[in-house]
> 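Got a structure here, written out as structure tokens. Questions coming.
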Amino acid sequence: REPVLEIRNLNVDYGLGDDAVHAVREVHLTLHRGEVLGLAGESGSGKSTLAYGATRLLPPPGVISGGQVIYHPRDGDPYDVLALTPKQLRAFRWAETSIVFQGAMNSLNPVHKVWVQLTDVIRAHTPGLSRPAQVARARELLGLVGIAADRLEAYPHQLSGGMRQRVMIAMALALEPQVVIMDEPTTALDVVMQRQILRQLVHLRERLGFSVLFITHDLSLLVEFSDRIAIMYGGRIVEEAPSGALYRDSLHPYSHGLLNSFPALRGEKRELSGIPGSPPDLRAMPSGCSFHPRCPKRFEPCDTHVPPLGPPPDVPDAATRTVACWLHPTAAPVG
Ligand code: ATP
Ligand code: MG
């Protein structure tokens, strides 16, 4: 399969020097054309930081301290998103890759009707379009996400949380990007609504052919709807596999624990039932594998050496998956 977005050795810090929090560490992650890739991990594992770093939307004091994000446009040569000028970046966002933020449903402008906000996005990138054509496009976009056209005249407060979320998705799809990143606000949307939204996104993906990076705490949702799943812990990807393989036969003890726990609905740092202990303090990361203090299977090398991410040596479907665990020491680290 062809890659559309390749995150290579990405490192993101908050702050500089000794006080820096290393929120994303040496992350390699590839999104392929047309696929839904799920990203899961406990609160604070670096999921949002990874998404915002890769799209250059990091808020200060976030800094990208290394890596590349190679984007493959429909036509033309691949390029590094991290090397784009601010002007190129403005053209890239929405049109090539769009992102629906965590809590985005509350980022609609309360004083403007839905149609105004939708046509703003459309107009910013296709200035020549007539007003009626812009409104027609806005209506079409709402239809795509299952919202009746009369809602164009609504103000955000007149919509339910789920509808506002779908308006945000409509905005994200407005310019037919190849990549849609959705950072799911687990805190604000209930599980039933998350499921509806993800189902709709998967359906639209089939019709329109974009790729999705879907971020959530809720691994069961990803098992159901995504093609592949990546698991993050302490700023690193610790396992990546096709959804079915991850569900049936996860290799990393952390993935295993996540699969056996209920999602933290409130997004708080709390103990997962399957995994005692709490997520690591990024300012004082454990040595070796950062999961080792909580790992039921730790042994000799785990507290001294960081296990590299790569294909496991000992499973039949090794070519389709990677893991960073000394139980399955890879012979071919990624990157
Ligand atoms: P959640 O599931 O709660 O959304 P997450 O996996 O998206 O969590 P991030 O928001 O990426 O996690 O945060 C990763 C780490 O970076 C956390 O330890 C967090 O405290 C830290 N962090 C995030 N934003 C900032 C900031 N603006 N300044 C300093 N540290 C930050
Ligand atoms: Mg987040």
Side-chain angles (χ1 to χ4, degrees), residues 7 10-29 37-67 69 98-107 165 168 172 180-191 194 197-198 212-222 226 229-240 252 254-255 257-259 261-272 274-275 277-286 290-291 293-294 324:
I7 298 171
L10 189 68
N11 285 277
V12 182
D13 299 339
Y14 288 104
L16 299 166
D18 291 346
D19 286 338
V21 172
H22 305 297
V24 166
R25 301 167 182 242
E26 295 163 29
V27 164
H28 291 271
L29 191 65
L37 173 61
L39 181 62
E42 281 166 288
S43 188
S45 56
K47 305 181 297 296
S48 299
T49 306
L50 174 59
Y52 303 155
T55 49
R56 304 257 309 265
L57 284 164
L58 269 179
V63 282
I64 294 165
S65 54
V69 179
S98 62
I99 180 158
V100 182
F101 288 103
Q102 186 162 344
M105 54 194 253
N106 300 319
S107 68
Q165 186 75 351
M168 295 306 300
V180 176
I181 298 176
M182 180 124 185
D183 193 2
E184 191 60 359
T186 329
T187 40
L189 285 186
D190 66 39
V191 175
Q194 270 208 54
I197 282 173
L198 190 48
V212 181
L213 177 63
F214 194 89
I215 300 173
T216 178
H217 298 233
D218 190 347
L219 201 46
S220 65
L221 208 61
L222 296 183
S226 58
I229 298 176
I231 307 283
M232 231 177 149
Y233 188 80
R236 294 179 190 273
I237 304 290
V238 296
E239 180 163 10
E240 193 197 316
H252 200 289
Y254 179 63
S255 315
L258 266 190
L259 282 164
S261 15
F262 296 100
L265 284 180
R266 296 259 167 89
E268 297 155 354
K269 292 191 184 178
R270 68 167 185 96
E271 280 195 6
L272 296 168
I275 318 170
S278 48
D281 175 357
L282 295 181
R283 282 178 208 277
M285 283 294 264
S290 51
F291 186 59
R294 300 170 75 185

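When a residue number appears, it is its place in the shown sequence, counting from 1. Both counts, for ligands and for their atoms, begin at 1 and track the order of listing.
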> Looking only at distances, please establish whether an N/O atom of ligand 1 is found under 3.5 Å from an N/O atom of G46.
yes

> Identify the two heavy atoms, one from V27 and one from R236, that lie closest to each other, and give their separation to 0.1 Å.
CG2-CA, 4.3 Å

> Can you find an N/O atom of P61 closer than 3.5 Å to an N/O atom of ligand 1?
no

> Between S255 and E239, what is the shortest heavy-atom contact and its length?
OG-OE1, 2.8 Å

> When rounded to the nearest 0.5 angstrom, what distance separates CG in L39 from CG in D183?
8.5 Å

> Does a side-chain heavy-atom distance below 4.5 Å link I231 with L219?
yes

> Could you check which of P280, G44, P59 puts a non-hydrogen atom nearest to atom 17 (C) of ligand 1?
G44

> Determine whether any heavy atom of S45 lies closer than 4.0 Å to an atom of ligand 1.
yes

> Going by heavy-atom distance to atom 9 (P) of ligand 1, choose the closest among T216, T49, V24, V12.
T49

> Show me which atoms of ligand 1 lie under 4.0 Å from any heavy atom of A23.
15 (C), 16 (O)

> Between Y233 and F291, how do the two ring planes meet: parallel, tilted or perpendicular, split at 30° and 60°?
perpendicular

> Please name the pair of heavy atoms, one in G234 and one in P280, separated by the smallest distance, quoted to 0.1 Å.
CA-CG, 4.0 Å

> So that I can check it, does any N, O or S atom in S48 come closer than 2.8 Å to the Mg ion (ligand 2)?
yes

> Would you check whether E42 reaches within less than 4.0 Å of ligand 1, judged by its heavy atoms?
yes

> Taking the side chain as every heavy atom from C-beta outward, state whether I215 and L50 have any atom pair closer than 4.5 Å.
no

> Can you sort out which atoms of ligand 1 are near L282, meaning under 4.0 Å from one of its heavy atoms?
15 (C), 17 (C), 18 (O)

